[in-house]
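In what follows, a structure is listed as structure tokens, so that the remarks can point back to it.
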Amino acid sequence: MINRDLTNVLLQKLHKGKVIVLIGPRQVGKTTLINSLLADKDYLFLDGDDHSVCDLLSNANTEQLRSIIGNYKYVFIDEVQRIPNIGLKLKIMVDQIKEVQVIVSGSSVFDINTMTQEPLTGRKFEYQLFPVSWTEFENNVGYVKAHQQLELRMVYGMYPDVINHFGNEYEILKNLVSSYLYKDILALAGIRKSNVLEKILQALAFQVGSEVSYNEIAQLVGVDKNTVNNYIDLLEKSFVIFRLNSFSRNHRNEIKANKKIYFYDNGVRNMVIGNFNSLALRQDKGALWENFMISERMKFLSYSQSNAKPYFWRTTTQQEIDYIETNADAVSAFEFKWASEKKAKLPKSFIEAYQPSFLVVNRDNFREFLR
């Protein structure tokens, strides 16, 4: 089992009088992490995918909840978003059954927040679990082995099952994408047109590292702009993709409204387009490296609870910077180059406006970017 960075964070939050909420896509290891957290404890496990559990919890009053929990001091509810009225039930557990530590997990931020936002205001610690981070991977397999697998990880990604089943990566990713993307997500949203979702995902996969035009995707897929926006919103709330906004502090020629979209996992992105060629045979090495680094940076920012805000930057005259972070008044700029001999420099206008720090992130120094 790969040790996860969130383990110690979650251990420190036990018995603080709040529900611990762990969110993230299916198969990133949420259940494994929580089971390991509670391995030496006697706990009650309730599966939100079990219809009898849903019925039992959604209709339970305070005394019935006490009976269900019994003498357990820990309760773990998996796939909590499946259970109607669960927000109110969790509130009762926190307020009325104080000796019990409740931990819940789920794979849809939209559904979880809809059901728990108001009842659990001030009553929860919420964390997101991603596919395995590079730091977690390297800490578990060692520097040398991790370094040897860098290109594999860029192609096949960082899902735990993918890492742990060398040689079966394609089959695992195929099952993950077909079951999670084209079944679970559509079911969560009550959408039947899987072909529209598939076409939008493919368009986004081919545009990684480029600014995304919703109008262009709408024309390509044959739907309206609002439909594209709704699907992209759904994919983001289901932890498949994330958006970067353009950075601007009101300088005249900075573009303010555009967005870039990245995938949380390179393997998922490559399965969507059906390309698992080695890096030597690919034309999209730069896009893969950029997606890999920015998704890894998102993991780092989340796990370290950083206040830094991520952006990209471009002007109307086509000057651009791959990635920007702001933290208080400090501005940091980054360019991503797979080949370590490739150089880059910042536009003079950006330096004069923001006095940023600057790093060209390549395969020799990327660890500096991920800590």
Side-chain angles (χ1 to χ4, degrees), residues 1 4 6-130 160 179-180 183-185 187-190 237-239:
M1 190 185 77
R4 307 306 296 267
L6 274 181
T7 302
N8 289 333
V9 175
L10 298 182
L11 281 171
Q12 293 171 11
K13 298 300 183 182
L14 293 176
H15 294 294
K16 301 294 185 183
K18 297 186 180 184
V19 176
I20 295 174
V21 180
L22 186 62
I23 58 176
R26 280 184 180 266
Q27 298 186 35
V28 292
K30 299 186 300 296
T31 304
T32 302
L33 171 57
I34 296 173
N35 282 334
S36 69
L37 197 73
L38 301 176
D40 60 344
K41 300 171 174 61
D42 191 20
Y43 66 97
L44 174 64
F45 174 70
L46 298 168
D47 186 357
D49 281 332
D50 186 323
H51 294 301
S52 64
V53 170
C54 288
D55 293 340
L56 189 66
L57 288 179
S58 62
N59 296 311
N61 58 33
T62 302
E63 290 309 311
Q64 288 170 326
L65 286 172
R66 288 185 187 276
S67 297
I68 292 167
I69 294 170
N71 294 322
Y72 290 103
K73 300 301 180 186
Y74 298 88
V75 176
F76 170 28
I77 307 174
D78 200 13
E79 295 301 335
V80 70
Q81 77 276 359
R82 308 283 194 193
I83 304 171
N85 306 314
I86 192 61
L88 291 173
K89 309 308 172 183
L90 294 174
K91 179 180 182 294
I92 291 171
M93 293 181 197
V94 172
D95 292 348
Q96 305 297 327
I97 315 176
K98 297 181 183 294
E99 67 276 13
V100 173
Q101 173 63 65
V102 182
I103 304 174
V104 304
S105 69
S107 53
S108 169
V109 68
F110 176 77
D111 287 330
I112 291 172
N113 284 344
T114 298
M115 292 187 295
T116 66
Q117 194 69 40
E118 186 175 342
L120 291 187
T121 299
R123 296 179 175 89
K124 68 177 178 178
F125 297 118
E126 183 173 300
Y127 300 94
Q128 182 172 343
L129 189 66
F130 301 89
S179 65
Y180 180 61
K183 289 182 183 176
D184 278 16
I185 292 178
L188 281 170
K237 288 174 177 174
S238 299
F239 312 107

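The chain is numbered in sequence order, starting from 1.
- For Val100, the side chain to side chain contact (heavy atoms under 4.5 Å, CB included) partners two or more places apart in sequence, or in a different chain, are Ile69, Val75, Ile97, Val102.
- Taking 4.5 Å as the limit, every side-chain heavy atom of Phe125 sits out of range of all side-chain heavy atoms of Val19.
- For the side-chain hydrogen bond (donor to acceptor under 3.5 Å, both in side chains) test, residues two or more places apart in sequence or in another chain that qualify with Ser52 are Asp50.
- Contact check for Leu90 versus Val21: no side-chain heavy atoms found under the 4.5 Å cut-off.
- With contacts defined as side-chain heavy-atom distances shorter than 4.5 Å, the pair Tyr74/His15 qualifies.
- Heavy-atom minimum distance, Pro25 versus Ser238: CB-O, 4.2 Å.
- With rounding to the nearest 0.5 Å, the separation of CD in Glu79 from SG in Cys54 is 10.0 Å.
- Ion pairing of Arg26 with Asp49 is present here, as a side-chain N (NZ or NE/NH1/NH2) and a carboxylate O approach within less than 4.0 Å.
- Residue Leu120 holds its CG atom at 10.5 Å from CE of Met93, rounded to the nearest 0.5 Å.
- Formation of a donor-acceptor pair under 3.5 Å by the Lys98 side chain with backbone atoms of Asp95 is found in this model.
- Of the possible polar contacts, none joining the Lys73 side chain to the Gln101 backbone as a donor-acceptor pair under 3.5 Å is found.
- To the nearest 0.5 Å, atom CG of residue Leu56 and atom NE2 of residue His51 are 14.5 Å apart.
- Residues Ile103 and Leu10 form no side-chain contact, since every pair of their non-hydrogen atoms from C-beta on lies 4.5 Å or further apart.
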Steps toward side-chain contact (heavy atoms from CB on, under 4.5 Å) verdict (Leu46, Val80): CA-CA 9 Å; Leu46 298 168; Val80 70; over 6 Å; no
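- One N or O on the side chain of Lys89 and one on the backbone of Ala60 form a donor-acceptor pair closer than 3.5 Å.
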side-chain contact (heavy atoms from CB on, under 4.5 Å) assessment of Leu38 paired with Phe76: CA-CA 9 Å; Leu38 301 176; Phe76 170 28; 4.2 Å; yes
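- For the pair Leu129/Ile23, no side-chain contact is recorded, criterion being any heavy-atom separation below 4.5 Å from C-beta on.
- Side-chain contact check for Arg4 versus Pro160: some heavy-atom pair is nearer than 4.5 Å.
- By the 4.5 Å heavy-atom criterion applied to side chains, Leu57 and Ile77 are counted as neighbours.
- Considering only heavy atoms from C-beta on, Arg123 comes within 4.5 Å of Lys91 through its side chain.
- Under the side-chain hydrogen bond (donor to acceptor under 3.5 Å, both in side chains) criterion, the residue pairs touching residues 36-48 are Asn35-Tyr43, with sequence neighbours excluded.
- Within a 6.0 Å radius of CG in Asn61, more than 12 heavy atoms belonging to other residues, nucleotides or ligands are found.
- Residues Pro119 and Gly87 approach most closely at CB-O, 3.4 Å, considering heavy atoms.
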Trace of the side-chain contact (heavy atoms from CB on, under 4.5 Å) decision for Leu37 with Leu11: CA-CA 7 Å; Leu37 197 73; Leu11 281 171; 3.4 Å; yes
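- Side chain to side chain, Ser105 and Asp78 meet the donor-acceptor criterion of an N or O pair below 3.5 Å.
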